[in-house]
Number of protein chains: 2
Amino acid sequence: MSAASSRATLIEVAKLAGTSKTSVSRFFGPERERLTPSLQTRIANAATALGYQPNLMARGLKGGGSRLLGVLVADIRNPFSVAVVHGIEQAARTHGYSLIVCNTDNDPEQEQQHLRLLKSYQIEGLIINAAGQPEAQLQALKHSGVPLVLLDREVRQLDVDVIGLDNALAIDMALDHLVRQGYRSILYASEPPAYASTRQERLQRFNQQAERLGIKSQTLILSSSAPDFETLTAFVEHPGSSPGAVLCANGNVTLAMTRSFQQLDITLGQTGLMGIDELDWCELITPGITTLAQPTDDIGHAAVSCLLNQLNGSAQASPVRYRHAPRLQIRGSTTLVPNF
Amino acid sequence: MSAASSRATLIEVAKLAGTSKTSVSRFFGPERERLTPSLQTRIANAATALGYQPNLMARGLKGGGSRLLGVLVADIRNPFSVAVVHGIEQAARTHGYSLIVCNTDNDPEQEQQHLRLLKSYQIEGLIINAAGQPEAQLQALKHSGVPLVLLDREVRQLDVDVIGLDNALAIDMALDHLVRQGYRSILYASEPPAYASTRQERLQRFNQQAERLGIKSQTLILSSSAPDFETLTAFVEHPGSSPGAVLCANGNVTLAMTRSFQQLDITLGQTGLMGIDELDWCELITPGITTLAQPTDDIGHAAVSCLLNQLNGSAQASPVRYRHAPRLQIRGSTTLVPNF
DNA sequence: TAATAAAATGGGAACGTTCCCAATCGGTTT
DNA sequence: AAACCGATTGGGAACGTTCCCATTTTATTA
């Protein structure tokens with residue numbers, strides 16, 4: 001019995017329950033109600049007696065659906081990504097789906113590889129936070145009928161639903177807050193915008209709005225190697241006629257900038273610091289770092305329901321672009337204190 | 001061609017290549033070398049022409065192995081867990097395996113559910129960071145021939161390989177460091193030790209070694225609700241005849257304690273603070289928090305090779321208990337500075 | 001009560017692979 | 001040149017499920 005526990009099959013259950021495989025199959029599918037109550041209990045008993053677990057591989061093979069969703073994340077060690085995956089997992093579970101989570105470490109090469117793999121597993125849907133521009137592969141997937149949702153980052157020339165932050169709103173909220181707090185010169189720090197639509201959108205909106213609001217603005221693109229102390233020092237020492245603040249495009253940048261502030265001994269608040277993405281430690285850096293928190297669970301849930309909508313055929317003709325609003329978390333790093 | 005791209009099957013490739021399904025199957029399996037070079041190229045051409053991708057569901061069904069590993073994590077939002085999963089993913093990928101990652105949110109109920117599910121997917125191995133004590137289910141899995149590896153936490157009465165930190169060594173290193181820095185009274189802060197063997201081991205070793213070293217010691221079990229300010233205040237104000245330090249059992253505790261230190265306005269260093277688990281922000285809290293970093297990638301890799309060993313039949317008779325050494329990262333929070 | 005409709009159940013094929021075994025194809029040896 | 005051997009190739013069954021369709025049972029109507 002012990003070794004057989006993994007082997008209990010539909011047919012064995014049927015035999016024990018004195019019925020046919022078809023009925024047992026129905027019992028475990030959506031047609032359970034079509035079965036006579038007495039048959040239902042007989043099957044239920046037999047199944048539990050044998051410790052039967054449907055073989056999802058077999059089901060996936062015959063077209064009953066694999067009940068698997070693919071999740072392709074660009075950087076699994078990014079807390080934002082993990083938080084979203086957490087949301088996805090919750091939502092998926094309540095709908096009876098499991099996740100194959102793949103991490104590309106921001107490497108387009110690995111991304112291609114993983115995409116091929118996910119296809120092999122007959123996933124019923126794919127949520128992808130693209131690292132490169134895997135346009136061709138995704139197009140192929142889409143054409144072969146696999147529902148697709150882009151997470152956070154768009155892919156050029158690919159007409160599928162996108163779920164993420166309302167980047168324009170986020171930048172507007174940030175600028176509004178900073179201006180309201182008295183900062184008049186703003187340095188926008190971002191990772192290189194190439195290949196990540198989110199970075200481009202935010203950067204573009206920043207430039208646009210800064211001009212519209214008549215703010216003295218400047219941009220700093222972080223290289224992956226050494227921090228750019230010169231630019232930062234120059235900005236802090238000559239913020240123009242009024243106090244300056246640094247706005248960080250995402251959590252990684254906030255981390256890097258906080259480090260730089262400390263190394264250059266820049267006082268938080270006196271020079272403002274604000275970041276998109278909420279992190280555990282933002283409240284711990286005295287006097288606290290102001291952030292725009294993304295509703296990560298909501299984003300995850302939205303991604304899943306988007307997928308399920310497509311699965312149920314109730315897909316929109318034109319792709320949806322679902323943009324979530326951030327939540328402003330005000331802390332000391334954007335409070336201009338008199339210089340003692 | 002577009003809609004057919006997902007449908008290209010072994011047989012179609014065989015037909016195009018003018019050969020049999022068996023040969024094509026061999027081409028994609030470990031027996032490729034048995035094929036004539038000319039046949040190999042013919043098949044390769046046909047396969048790429050059709051964009052063929054093996055259907056892993058079918059393979060999993062027929063006993064060729066699902067090439068899937070299950071990973072069951074207790075808390076996916078814990079940076080330590082994510083880091084280990086990252087290591088697991090790397091190692092798994094190089095061996096041609098993919099991951100089904102499930103998160104239990106520390107809920108034994110969900111754990112049971114996920115275990116059932118993973119079994120359904122015919123996973124070839126399971127790496128589990130247990131939330132509860134799912135002894136029965138794991139025993140059953142083991143008996144049905146699925147290789148098992150416990151991550152970080154043991155499960156009672158279950159004889160399988162365990163991979164994790166060398167907890168005794170970690171505590172010893174921490175105490176050694178703290179004593180060397182001049183702290184003579186130590187408060188050990190931990191989450192409730194029930195159901196998490198790691199917590200028990202560390203706590204036990206702490207008590208044991210503190211006594212052996214003749215250190216004034218005390219224990220604080222964090223409740224999940226409100227922080228225990230009284231105990232902490234009392235400890236800081238009456239550390240006995242000499243300076244006191246707080247040792248945190250893991251990253252979560254370090255976070256909670258850092259928060260408490262700030263709220264109670266306790267000066268880091270003057271009262272020591274040290275934690276097991278390295279976190280992004282530990283260097284950012286002035287003057288930096290001393291930690292014991294776990295070699296997370298190594299742990300992930302070890303877990304996978306452990307699994308593969310079992311798969312290759314070269315399993316040890318008695319389970320291995322693989323304990324990794326932490327790395328001491330010294331920062332200002334454990335440097336006793338004169339009180340100005 | 002017979003005829004008919006509706007509901008419940010069962011048998012068989014199919015999904016795309018792997019594996020076992022049989023068949024064929026080279027080249028050697030006598 | 002006949003016979004043989006190893007290497008290479010191919011045909012068919014099997015894996016556990018779902019789905020289509022045929023069959024049986026039950027309920028409804030005339």
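Below, chain A is the first sequence line, B the second, and so on; all start at residue 1.
- Between Arg59(B) atom CZ and dG16(D) atom P the separation is 18 Å, expressed in whole Å.
- An OP1 or OP2 oxygen of dT9(D) is reached within less than 4.0 angstrom by no side-chain nitrogen or oxygen of Ser20(B).
- Between Lys15(A) and Glu12(A) no salt bridge is recorded (no basic side-chain N to carboxylate O distance below 4.0 Å).
- Look at CG on Asn55(B): it is 6 Å from C1' on dG16(C), rounded to the nearest Å.
- In this structure, Glu31(A) atom CD and dT18(D) atom P are separated by 10 Å, rounded to whole Å.
- Rounded to an integer number of Å, the gap from CD of Glu33(A) to P of dA7(C) is 15 Å.
- Note on Thr36(A): every side-chain N or O is 4.0 Å or more away from OP1 and OP2 of dA7(C).
- Note: CD (Gln40(A)) to P (dA8(C)) measures 10 Å, nearest angstrom.
- Thr22(B) comes within 4.0 angstrom of a nucleotide base, judged by non-hydrogen atoms across all strands.
- Along DNA chain C, the nucleotide nearest to Arg42(A) and the one nearest to Lys21(A) differ in position, and the one closer to the 5' end is contacted by Arg42(A).
- Leu39(A) comes within 4.0 angstrom of sugar-phosphate atoms only, judged by non-hydrogen atoms across all strands, and of no base.
- Checked for salt-bridge contact, Glu154(A) and Arg323(A) meet the test: a charged N lies under 4.0 Å from a carboxylate O.
- Distance CG/Leu158(A) to NZ/Lys142(A): 6.0 Å, rounded to 0.5 Å.
- Summary of the strand contacts: Leu61(A) and Leu35(B) both lie near DNA chain D, and taking for each the nucleotide with the nearest heavy atom, the more 5' one is attributed to Leu35(B).
- Within 6.0 Å of CD in Glu109(B) there are 12 or fewer heavy atoms belonging to other residues, nucleotides or ligands.
- Rounded to an integer number of Å, the gap from CG of Leu50(B) to C1' of dG16(C) is 15 Å.
- When distances are taken from the side chain of Thr9(A) to each of dG16(D), dA14(D), dT18(D), the shortest belongs to dG16(D).
- Rounded to a whole Å, the NZ atom of Lys15(A) is 13 Å from the C1' atom of dG16(D).
- Distance, Arg26(B) CZ to dG11(D) C1': 11 Å, rounded to whole Å.
- Between dG16(D) and Tyr121(B), no contact under 4.0 Å exists linking OP1 or OP2 to a side-chain N or O.
- Nucleic acid contact for Ser23(A): sugar-phosphate only, since backbone atoms but no base atoms lie under 4.0 Å from a heavy atom of the residue.
- Residue contacts shown for Arg34(B) include a base, since a base heavy atom lies under 4.0 Å away.
- Where Lys62(B) and Thr19(A) meet DNA chain C, the nucleotide closest to each residue was compared, and Thr19(A) sits on the side nearer the 5' end.
- Residues Asn103(B) and His114(B) have side chains that never bring a donor and an acceptor to within less than 3.5 angstrom of each other.
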